[in-house]
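Quick note on labels: first sequence line is chain A, next is B, and so on, each numbered from 1. The analysis underlying the following values was restricted to heavy atoms, covering all of them including side chains, and did not include hydrogens, waters or symmetry mates.
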Number of protein chains: 2
Amino acid sequence: MAKQSAGAASGEGLEALLARRLREKGLRATPDRMRIFRVLARSAEPLTVRAVADRLRDDHLNITTVYRVMELFVALGIVHPVIVGHEAVGYELMAPFRPHHEHFLCAKCGRVVDIYDCPFEEAVAALSRDAGYEVTFHQMEMHGVCQACR
Amino acid sequence: MAKQSAGAASGEGLEALLARRLREKGLRATPDRMRIFRVLARSAEPLTVRAVADRLRDDHLNITTVYRVMELFVALGIVHPVIVGHEAVGYELMAPFRPHHEHFLCAKCGRVVDIYDCPFEEAVAALSRDAGYEVTFHQMEMHGVCQACR
DNA sequence: TTATTTGCAAAGCGTTTGCATTGGG
DNA sequence: CCCAATGCAAACGCTTTGCAAATAA
């Protein structure tokens, strides 16, 4: 079922938003960049550079381009890196391109479960208020055993 | 309140604990492994393989050994990988070798601030109780601007 | 003693870089 | 038209691997 609405507008709108963000910085909304964005938007989990390139092999997308676009997206705050298993770094869209969520990694089946109903907002807000930290982004990573595996 | 005592005994005891954990698995508590452990224990922040090797250059520690020991420590749950800046993967001791804490990354000064007074325990416990996830480890990563930089 | 661990050097491979070409605005 | 972006291939450097020597238990 779709948890959509939360923070992300629908597909079309997000691409327009990305294009605007790029142009604001004097950068171009090229076909390659939009393709890479779409691949990330479709994926249910973080993708490595390699994974993105693989999914765009038919479009003759050079992997060097993926590296460069990914670096750009990180710098622009469009994606952020997350450690997938024990080492591999993957990239994932962040708000407002994708609704905020936390990660739960199951030690048994190895799956990464996204938890959209973030129960930490309150505590993070409190930290901003009381401890003087201005938190603009947060991400919780939890390890353990998922429902299905117990 | 100080969550100290929680799991981490003082230096000496931790090394003994590490040695025991290794031997339990039929592995050896070699000088190199203990040295690497000590370097991690002394560090205030996550260290890359390279950083560990650099700090042990005087001991003629081969970097290949550091790679192998780090891989072992990850497998044994003695350290865990964290993304440091925008990419680099560093390693950090985890409980009970180091008290549990969260990370706050300041966008201005770039420092990584450790937050020991974890305000998320409650919510994590609730998730375990109510949603059926058995959480054995969690780590929050927050980005923003720290007190000093505001 | 003996299986584990380490050092060394070579191989492997993911990532970066330079430069000419293409193409978006 | 101009400068950003891409493709290609070479360069780089991090990480892994094989094997012989060293060593913890």
Heavy-atom contacts under 4.0 Å between residues 43-55 of chain A and DNA chain D, which residues?
->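 Result for residues 43-55 of chain A: none.
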Whole angstroms only, please: what is the [atom1]-[atom2] distance between [X] and [N]?
| X | N | atom1 | atom2 | answer |
| --- | --- | --- | --- | --- |
| A/Glu71 | D/dA5 | CD | P | 12 Å |
| B/Tyr67 | D/dC14 | OH | P | 7 Å |
| A/Arg23 | D/dA5 | CZ | P | 11 Å |
| B/Met70 | D/dT16 | CE | P | 12 Å |

Name each donor-acceptor pair under 3.5 Å that joins a side chain in residues 62-71 of chain B to protein atoms two or more places apart or in another chain, with its distance.
residue, atom, partner, partner atom, Å
B/Asn62, OD1, B/Thr64, N, 2.7
B/Asn62, OD1, B/Thr64, OG1, 3.1

Cluster companions of B/Phe137 among Ile, Leu, Val, Met, Phe, Trp, Tyr (side-chain spacing under 4.5 Å) |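 Same cluster as B/Phe137: B/Met94.
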Taking only residues two or more places apart in sequence or in another chain, which ones pass side chain to side chain donor-acceptor pair (under 3.5 Å) with B/Arg57?
->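 Once residues adjacent in sequence are excluded, the partners of B/Arg57 under the side chain to side chain donor-acceptor pair (under 3.5 Å) criterion are B/Asp54.
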Could you pull out all residues at least two apart from A/Ser128 that satisfy side chain to side chain donor-acceptor pair (under 3.5 Å)?
->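 Residues passing side chain to side chain donor-acceptor pair (under 3.5 Å) with A/Ser128: none at all.
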Find out whether B/Leu93 and B/Leu14 are in side-chain contact, i.e. whether some heavy atom of one side chain is under 4.5 Å from a heavy atom of the other.
->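 Counting from C-beta outward, B/Leu93 and B/Leu14 never come under 4.5 Å.
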Protein-to-nucleotide contact annotation, 5' to 3' order, nucleotides 2-12 of chain C [B base; S sugar-phosphate only; - none; under 4.0 Å, heavy atom] = -BBSBBBB---
Residues 74-81 of chain B, side-chain donor-acceptor partners within the protein, below 3.5 Å, at least two apart:
residue, atom, partner, partner atom, Å
B/His80, ND1, B/Gln139, OE1, 3.4
B/His80, NE2, B/Glu92, OE1, 3.2

Please round to 10 degrees the angle between the axis of the first five pairs and the axis of the last five pairs in the helix from C/dT1-D/dA25 to C/dG25-D/dC1.
->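 The end axes of the helix from C/dT1-D/dA25 to C/dG25-D/dC1 are about 50° apart, to the nearest 10°.
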Test ring-ring contact (aromatic ring centres under 6.0 Å, His included) applied to B/Phe73 - qualifying residues, sequence neighbours left out =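 Partners of B/Phe73 by the ring-ring contact (aromatic ring centres under 6.0 Å, His included) criterion come out as none, since no residue qualifies.
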Residues in ring-ring contact (aromatic ring centres under 6.0 Å, His included) contact with A/His138, at least two apart in sequence or another chain |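 Listed in chain order: A/His100.
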Can you list every pair that meets salt bridge (charged side-chain N to carboxylate O under 4.0 Å, His left out) and has a residue in residues 140-150 of chain A, with sequence neighbours left out?
->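 Counting only pairs at least two positions apart or across chains, the salt bridge (charged side-chain N to carboxylate O under 4.0 Å, His left out) contacts touching residues 140-150 of chain A are A/Arg150-B/Glu134.
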Sequence neighbours left out, what pairs pass salt bridge (charged side-chain N to carboxylate O under 4.0 Å, His left out) with at least one residue falling in residues 31-43 of chain B?
->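 As it turns out, the salt bridge (charged side-chain N to carboxylate O under 4.0 Å, His left out) pairs with a partner in residues 31-43 of chain B, which skip direct neighbours, are B/Glu15-B/Arg38, B/Asp32-B/Arg35, B/Arg35-B/Asp59.
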